[in-house]
Amino acid sequence: MKITTIKTYAVKVGIRNQLLVKIETDEGIFGWGESGLSGREKAVVGALEHYAEFLKGRDPFRIGALWQEMYRSQYFEGGRVLQAAISAIDIALHDIKGKALGVPVYELLGGKQRDRIPTFATTFAGPGPEMIEQAKMLVEHGWTAMRLSPSGHEEKEIYEPREHIATTAKWLVKAREELGEDIVLGIDYHHRLTVAEAASFCQKMPSGTLDFLEEPIRDESPGAYEALRRMTDVPFAIGEEFSSKWQFQSYIERDIHQFNRLDVCNVGGLTESMKVAAWSETHYVDMMPHNPLGPVCTAATVHFCAAVPNFSWLETRSSPAETHLGFDNSDFFPVQPKLEGAYYPVSDAPGLGIEVNEEVLAKQSFEFWEAPHLRRRDGSVTNW
């Protein structure tokens with residue numbers, strides 16, 4: 001079997017673009033992958049075009065060797081753009097191999113360790129009564145783990161963290177009181193805070209209010225996270241923007257965080273994800289994968305979650321609290337992972353177990369999207 005074609009589809013699905021990759025072979029077997037670099041899809045398409053030039057004619061079964069060749073056969077190795085391209089290719093190759101062998105992808109990863117994948121859901125409303133009601137609704141639908149949204153998370157122009165952290169903390173304490181001690185509660189700060197701001201935020205709540213704090217500060221400096229760790233006892237959930245096992249290295253080896261928000265569509269696909277999971281297991285760090293994209297990403301991540309021992313919850317953006325997103329439109333994806341309550345069942349179909357309507361996909365256009373360029377009140381740029 002040889003690779004014949006690598007096709008890219010950067011298209012609008014729901015409220016966001018998805019970058020889907022189809023790899024075809026001379027035996028008629030094909031596989032689907034997805035890239036995770038949202039907002040910079042065109043850059044990844046260019047990287048995919050470079051890789052396609054030497055991947056055509058190659059054996060798709062040699063997934064590990066092709067991964068090394070894509071990563072190492074260039075002077076400027078790695079980086080988020082190249083790794084997002086490698087991720088999509090790697091996932092598609094696993095889909096091909098699973099289909100060719102007649103086995104689900106999890107069998108290529110060591111076999112299934114669980115039959116269904118518990119998820120955490122996200123409330124869309126900001127801190128206030130509506131957030132509490134959404135959280136209660138999720139509990140009624142079976143969720144025991146959820147992520148709440150901070151005050152100001154929908155701002156498009158001005159964002160001052162100090163104007164929002166007290167309000168957020170107050171409503172998180174209220175959420176804990178209303179939902180009880182058995183519900184797992186977290187919050188995603190989208191790396192918008194400084195170390196001092198994140199510490200002040202945590203110190204405004206009683207210990208035990210939060211079960212995880214996601215991406216409170218930017219990830220470039222492991223030492224900054226160590227400083228924050230000394231000032232709070234809340235478990236950290238970080239890593240969704242990491243693009244290789246090397247980026248995880250300092251965090252894992254220095255025991256900085258407790259949950260890895262690994263993204264299979266950014267970190268290097270399933271090949272790299274399994275290495276990060278094994279390394280994390282030695283430090284008792286649980287996998288809590290990032291999953292904000294489409295059904296191809298979800299399917300690949302479900303197989304990953306099924307195959308690793310150190311797993312907590314998978315992010316889902318298909319809960320009743322986020323029906324407006326539209327990422328899993330069945331016109332595009334007639335066969336895809338579907339929630340059963342708060343769980344994804346693990347598909348036993350060959351490959352990823354998904355189907356993509358390529359004809360509908362080809363008719364859909366790409367829409368340029370730019371994340372808000374947030375500023376503080378003094379005019380300086382801050383993190384989105």
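At least one donor-acceptor pair closer than 3.5 Å links the side chain of E272 to the backbone N or O of K245. A donor-acceptor contact shorter than 3.5 Å is absent between the side chain of D59 and the backbone of K2. Formation of a donor-acceptor pair under 3.5 Å by the T282 side chain with backbone atoms of W279 is found in this model. Using a distance-only test at 3.5 Å, with no hydrogens or angles considered, no donor-acceptor pair links the side chain of E253 to the main chain of Q249. Here the side chain of D263 pairs a donor or acceptor atom with the backbone of C265 at under 3.5 angstrom.
Taking 4.5 Å as the limit, some side-chain heavy atom of Y251 sits within range of a side-chain heavy atom of I238. Taking the side chain as every heavy atom from C-beta outward, I96 and M1 approach each other to under 4.5 Å. The closest side-chain heavy-atom distance from L179 to K136 is below 4.5 Å. Using a 4.5 Å cut-off on side-chain heavy atoms (C-beta onward), P235 and L213 make no contact. By the 4.5 Å heavy-atom criterion applied to side chains, I256 and P222 are counted as neighbours. Using a 4.5 Å heavy-atom cutoff, the side chains of N383 and R218 are in contact. With contacts defined as side-chain heavy-atom distances shorter than 4.5 Å, the pair K99/F30 qualifies. Residues I183 and V139 are in side-chain contact: their nearest non-hydrogen atoms beyond the backbone lie under 4.5 Å apart.
Here Y159 and H153 keep their ring centres 6.0 angstrom or further from each other. Proximity of the aromatic rings of H303 and Y106 is defined here by a centroid distance below 6.0 angstrom, and this criterion is met.
Remark: W246 pairs with Y71 by the ring pair (Phe, Tyr, Trp, His ring centres under 6.0 Å) rule, at least two apart or across chains. With sequence neighbours left out, the ring pair (Phe, Tyr, Trp, His ring centres under 6.0 Å) criterion links F333 to no other residue.
Annotation: cation-pi geometry not satisfied between K12 and F368 (NZ/CZ under 6.0 angstrom from ring centroid, within 45° of ring axis). Seen from the ring of F366, K42 counts as a face-on cation partner, given the 6.0 Å and 45° thresholds. A cation-pi geometry, defined here as NZ or CZ lying under 6.0 Å from the six-membered ring centre and within 45° of its normal, does not hold between R114 and F311.
R376 has a carboxylate O that lies under 4.0 Å from a charged side-chain N of E197, or vice versa, which qualifies the two as a salt bridge. Note on R162 versus E160: no salt bridge recorded, every NZ/NE/NH1/NH2 to OD/OE distance being 4.0 Å or above. Classification of K112 and D348 as a salt-bridged pair holds, one side-chain N sitting under 4.0 Å from a carboxylate O. Taking the charged nitrogens against the carboxylate oxygens, E358 and K22 do have a contact shorter than 4.0 Å, which makes a salt bridge. Ion pairing between D211 and R176 holds under the 4.0 Å rule for side-chain N and carboxylate O. Between R377 and E163, at least one side-chain N (NZ, or NE/NH1/NH2) sits under 4.0 Å from a carboxylate O, which counts as a salt bridge. Using a 4.0 Å cut-off between charged nitrogen and carboxylate oxygen, E69 and R58 count as a salt-bridge pair. Salt bridge status for K97 with D90: absent, with no side-chain N to carboxylate O gap under 4.0 Å. Salt bridge status for K338 with E340: absent, with no side-chain N to carboxylate O gap under 4.0 Å. The residues E226 and R254 are annotated as salt-bridged, a charged nitrogen and a carboxylate oxygen being separated by less than 4.0 angstrom.
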* Go through the steps for S35 and V21 under the test side chain to side chain contact (heavy atoms under 4.5 Å, CB included), then give the verdict. => CA-CA 8 Å; S35 162; V21 175; 5.6 Å; no
* **Worked verdict on Y225 versus F236 for ring pair (Phe, Tyr, Trp, His ring centres under 6.0 Å)** => CA-CA 9 Å; Y225 261 105; F236 294 152; 5.5 Å; yes
* R16 vs E41, salt bridge (Lys or Arg N to Asp or Glu O under 4.0 Å): CA-CA, chis, key distance, verdict -> CA-CA 11 Å; R16 182 183 290 170; E41 294 87 358; over 6 Å; no
* To do: For the pair T5 and I23, evaluate side chain to side chain contact (heavy atoms under 4.5 Å, CB included) and give the outcome as yes or no after the intermediate values.
  => CA-CA 6 Å; T5 309; I23 299 181; over 6 Å; no
* Let me see the working for Q258 and D286 under side chain to side chain contact (heavy atoms under 4.5 Å, CB included), right down to the final yes or no. => CA-CA 6 Å; Q258 289 66 50; D286 278 348; over 6 Å; no
* side chain to side chain contact (heavy atoms under 4.5 Å, CB included) between T382 and R375, worked out -> CA-CA 5 Å; T382 192; R375 295 181 181 274; 5.8 Å; no
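Checked by atom type, the side-chain pair N291/R317 shows no donor-acceptor distance below 3.5 Å. A side-chain donor-acceptor contact under 3.5 Å links D255 and H283. With no hydrogens or angles considered, a side-chain donor-acceptor pair links W143 and T119 at under 3.5 Å.
Once rounded to the nearest 0.5 Å, the distance linking CG of L185 with CE of M146 reads 6.5 Å. In this structure, NE2 on H190 lies 10.5 Å from OG on S149, to the nearest 0.5 angstrom.
Ring orientation note: the planes of W384 and W369 are nearly perpendicular, at an angle over 60° on the 30°/60° scale. The aromatic rings of F201 and Y189 sit perpendicular, their planes meeting at an angle over 60°, well past the 30° parallel limit.
When each of E215, E322, E315 is checked for a salt bridge (charged side-chain N to carboxylate O under 4.0 Å, His left out) with R147, only E315 meets the rule.
In terms of hydrophobic clustering, with Ile, Leu, Val, Met, Phe, Trp and Tyr side chains grouped at heavy-atom distances under 4.5 Å, I91 and V276 are assigned to a common cluster. Each of L270 and I63 belongs to its own hydrophobic cluster when Ile, Leu, Val, Met, Phe, Trp and Tyr are linked at side-chain heavy-atom distances under 4.5 angstrom.
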